[in-house]
Structures are given as structure tokens and as C-alpha cells.
2 protein chains.
Amino acid sequence: MGQPGELEPVNRESTAAIIADQLRSAIMYGTFPPGTQMAEAELAGKFGVSRGPLREAMQRLVQEGLLHSERHRGLFVTTLDVDDVHDIYMARTGVERAACLLILRTDPKEAAERLGEVHARMVGAAGIGDLRALGNADLVFHETLVELAGSARLERMARTLLIETRMCMTALEKKYRDPVDLVGEHRAIVDAIQAADEERLLEVLDAHMADAVARLSTDAAPES
Amino acid sequence: MGQPGELEPVNRESTAAIIADQLRSAIMYGTFPPGTQMAEAELAGKFGVSRGPLREAMQRLVQEGLLHSERHRGLFVTTLDVDDVHDIYMARTGVERAACLLILRTDPKEAAERLGEVHARMVGAAGIGDLRALGNADLVFHETLVELAGSARLERMARTLLIETRMCMTALEKKYRDPVDLVGEHRAIVDAIQAADEERLLEVLDAHMADAVARLSTDAAPES
DNA sequence: TGACTACAAATTGTCAACAATCATACACAA
DNA sequence: TTGTGTATGATTGTTGACAATTTGTAGTCA
């Protein structure tokens, strides 16, 4: 963001936006597991602000569906059941499919290069058997994919969906996918973009999502 | 919502949610045209609440992308340029396509019936030449389409996109589409669902969206 | 012992006042 | 006249305190 020497607006984002980002990360990585109550006073203290800005930030997450509100009881981290897992991956398929179509209509070569770099990180993580890093690189891959489409709306939708995806991963930490398969499926996506082969791209993307959801929902719903 | 006799939770939704709904409607129907500043004190007075809950509600709309914040200056209704129109319809295509796939996998007959009822309203509005009612029925049609898919996430995405669609319609009020075409395209969607013909359904949906965006962006971007 | 009532603590919902920042108008000098 | 600097007014950002509601606990009575 911003070449060296470029002048950027000094106006940093609002306090609510900053806090919302922090909360998103915390929820994403399981610092606040599903079902946790977000105690206002305590959180406000940790962030060093009063309850006002904190509540504004939390309302953003409610709108995103990451928190749900029970009147006069509090805000709780949304719990994801097996139906949600299906819903998340179905929605992701729709969003990322649209992103792929946009990429093919603009600059597939450039996109393939950028995605190739991210894919290299996946290969590296898989090579040393770091499953956690592999999972994170996986998310970065899809985040980059949507970002390359250049659509503000797809990007916003995808961000929330990827956070929920990460929550699923945390909840089912026990059972990761075979790293070789995972790397291979992403490789296929990069190759299809590189080749600008729309039919194959949509096919491998669909397969990738179907595999993921099948794996995640084989046994044991995260819980209700 | 709720059969007669059904007991519903007395707990109404949070104040922020109620205000957010009202603001959404107001933005949707042009009460606050794009670029308008949302004066906190004045709005709080109109809603009969203090600035706290109002700010919480507005943060939800910021998250949705309907408002954007300029620090220490205020919140403004987002203005949509011609690129946004393309982006909105592209995203809608992705979301509604996914919704169509879900409907075909569950109960197309039931869905076709529900959509047929909404379509009848479009026919009625077109018959008496009420373009405003026709436009609203158009939105209800697509809202219902996504609702029938039964996906909370698609529904949330679609709601925001349809509000933005309505904003475009208001901004370009001069130039409506040919009512006959509009009714016909929606009829084709209902028929394809009824027939459970996936290939044809996706085709007519794509065509419907492409037509709309082409019509909206022929001349005169709403403004920058 | 069990159930119901009343009280108390804690948390959320709301508000009005204070502090910080920005836009406008005006005076003044070059 | 143009540009700069200042003062003023208004609006947003933030805070701490107060009101309303729920939950848990203790106590009483059948």
C-alpha cells in the first residue's frame, strides 16, 4: 500500500474499526472460543478505551455475524454447527467463483504469479510439516485470490467467510487434511488461472471446496 | 414470521438493530441521498434516543459499506459510481447463482410456487404501469429467491446488495427498463426453477443480470 | 427435603456532559 | 486583490455515571 514517497492521508481509521480488527483476529484464532461472552468492562479495560467505542466495534461484528446479541445478557461469539460449515463453504464457493471469473477477465498472468508466491509458502510449510502455518497460508491464498479480483464487495464477503473458516479449523484442530492433497489442489488452481482455462478453473475450485467440506464434516460436528 | 398462536420471544431485538433497519430503509429509498452527512444529534432526536445507540447502529451500516466514515468529520452515505454498479451486479450474480443451486438441490417446486406469487405482483404492477411498484416487486423477487435458498450467509450478503441496487435505481430514476422485458426475464427464472433445469436457470439468471447492468450503465454514471 | 419468594450482585442499556477536531468567517498585511 | 492567520461555531469522539434487567443466592414455608 503506497509506493515509497507516496503521500498518504494521515487520517487513520476510526477507533471502532481498529478495535473491530483486533476482535476479529482474536475470534479468528480462538482467543475467544465460540460461545464466549464478550464482557464489556473487561475488554474495554484491556483495550484502554471506554465502553462506548468498544460497543460500536462489537456492533460491527454483530452485523458480520461473528457475534450475536442477547438483550440484557450480552454479546456472545457465534457457535458454528455442521450446517454452518456447509453454508460457509457453499458461500465461499460462490464468492471465490465470482472472483475467479473476474481474474480471468482482467490479468490472469499477474494473478497467477502473485498466487504462485503464496503457494510457495504453502509448499514450504508442508515441507517442514508445520500444519498450523499451512493452514494460515491456505487462508492467505484464498484471501489473495479474492483480493486480486479487485471487487470491494467480494472482498468484504470473503473476509468474514475466511474468518469463519478459520474458526472451523480451530474447532476441529485434531483432523487436518493431507498436506499433499491440499498443496496439489491449490497448485491446480494457480495453473488453471495461469492457463486462463475457465472451465478447468471452476472445476478445480468446486472440487477443492467440496473436498474441504467433506473432510470437515466427516465426523463430529464442532458442537451445537 | 410466526404462525398465529405461536409464542414468540418477548425479547425484541436490540435498539441498535431497530435503528439500523430504519436507517437502511431510509438510505434505500433515497431519503438520505448518496453523499448525505448523517448528523448525529439531529438523527438521535428524530429517533428519540441518545447518540450512543445511534452511533452503534451507524457502525453496522459502515460495516455493510452503506456508510463511510471520515474521522472527525462524520458519516456519509456512500456514493455509487458506474464501477460500483458493475461490482454490485457481479456480486449479485455470484450470490443469486449460489442461491439457485441450493434451491434446485432442495425443493424447486415449492420455490417456484412462492416466486410465482411474487411474480404475479410484478405482472400486476406492470399492467397498470406503476413503475415504482414494479421496481419494488423486482427487489422482493430477488430477496425471496435468496431467502428460499435457506442460507443465512447468502441472505445477509444479498440484503446489502439489494439495498445498493435500489440506490442505483433511485439515482437513475429517469430510465427504467421495458416492463415487458423485465417481467419476461423473471418469468423465465421461475419457469427454469419449476422445471429444475439447472443449465437453463443459470443461463437466464446470468442474462437477466447482464441486461440490468447494461441498461443501468448505458449512459450517465450516477455521479462520481 | 423441596419449591417458591425476595434480595443482592453483576452486567448491560442509556444518557448527558466534556474534550478534541474541523469548517467557516473575518481581520489584516503584502 | 490575494493570501495568511486567527477566532468562533458546530460537530464528532470519548468518557463516567445512572437506570434497567437478569442471574445467582439465601431464606422461608409447606
Side-chain angles (χ1 to χ4, degrees), chain A residues 7-24 26-27 31-79 224, chain B residues 7-24 26-27 31-79 224:
Chain A
L7 276 64
E8 290 184 42
V10 300
N11 236 358
R12 74 175 200 282
E13 51 191 351
S14 73
T15 309
I18 297 171
I19 296 179
D21 278 343
Q22 303 243 10
L23 289 178
R24 260 188 284 266
I27 292 173
T31 306
F32 302 115
T36 308
Q37 177 167 11
M38 309 296 276
E40 294 184 359
E42 181 190 336
L43 277 177
K46 288 196 177 183
F47 282 119
V49 297
S50 93
R51 285 172 52 211
L54 177 72
R55 283 174 64 91
E56 291 174 17
M58 294 200 299
Q59 288 299 321
R60 291 197 180 202
L61 303 195
V62 170
Q63 178 60 37
E64 272 184 282
L66 264 32
L67 299 180
H68 68 101
S69 149
E70 294 183 25
R71 195 175 157 81
H72 284 123
R73 298 224 9 220
L75 295 165
F76 301 83
V77 180
T78 301
T79 63
S224 147
Chain B
L7 275 61
E8 289 184 40
V10 55
N11 236 357
R12 73 177 200 283
E13 51 191 349
S14 75
T15 309
I18 297 171
I19 296 178
D21 278 342
Q22 303 243 9
L23 289 178
R24 259 188 284 265
I27 293 174
T31 307
F32 302 114
T36 308
Q37 177 167 11
M38 309 296 276
E40 294 185 357
E42 181 189 340
L43 277 177
K46 289 196 177 183
F47 283 118
V49 297
S50 97
R51 285 172 51 213
L54 177 72
R55 284 174 63 91
E56 291 174 16
M58 294 201 297
Q59 289 299 320
R60 291 196 179 202
L61 302 195
V62 170
Q63 176 62 36
E64 272 185 283
L66 264 33
L67 299 180
H68 67 100
S69 151
E70 293 182 25
R71 195 176 156 81
H72 284 125
R73 298 223 11 217
L75 294 165
F76 301 84
V77 181
T78 301
T79 64
S224 143

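These numbers come from a predicted model, not from an experiment. Order of the sequence lines fixes the chain letters, A, B, ..., with proteins taken first and strands second; residue numbering starts at 1 for each chain.
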Rounding to a whole Å, what distance do you find between [X]:[atom1] and [N]:[atom2]?
X       : N      : atom1 : atom2 : answer
B/Arg73 : D/dG9  : CZ    : P     : 21 Å
B/Leu54 : C/dT14 : CG    : C1'   : 13 Å
A/Glu56 : D/dT14 : CD    : P     : 7 Å
B/Leu75 : D/dG13 : CG    : C1'   : 11 Å
B/Ile18 : C/dG13 : CD1   : C1'   : 13 Å
B/Ile19 : C/dG13 : CD1   : P     : 13 Å
A/Gln37 : C/dT11 : CD    : C1'   : 8 Å
A/Arg55 : D/dG16 : CZ    : P     : 16 Å

Going through the distances and angles, do A/Arg71 and B/Thr15 end up as a side-chain contact (heavy atoms from CB on, under 4.5 Å)?
CA-CA 9 Å; A/Arg71 195 175 157 81; B/Thr15 309; 3.9 Å; yes

Kindly indicate whether the side chain of [X], heavy atoms from C-beta on, has any atom under 4.5 Å from the side chain of [Y].
X       : Y       : result
B/Phe32 : B/Leu43 : yes
B/Leu67 : B/Ile27 : yes
A/Leu61 : A/Met58 : no
A/Arg55 : B/Gln59 : no

Reckon B/Thr15 touches a base, only the sugar-phosphate, or nothing at all at heavy-atom distances under 4.0 Å?
sugar-phosphate

Taking DNA chain C as the partner, which of residues 38-52 of chain B come within under 4.0 angstrom of it by heavy atom?
B/Val49, B/Ser50, B/Arg51

Using atom types as modelled and distance alone, determine if a side-chain donor or acceptor of A/Thr78 lies under 3.5 Å from a backbone N or O of A/Leu66.
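Present.
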
Choose from C/dG13, C/dT11, C/dC15 the nucleotide whose nearest atom is closest to any side-chain atom of B/Pro53.
C/dC15

Any idea which of D/dT12, D/dT23, C/dG13 is nearest the A/His72 side chain?
C/dG13

Who pairs with B/Ser50 by side chain to side chain contact (heavy atoms under 4.5 Å, CB included), at least two apart in sequence or on another chain?
B/Pro53

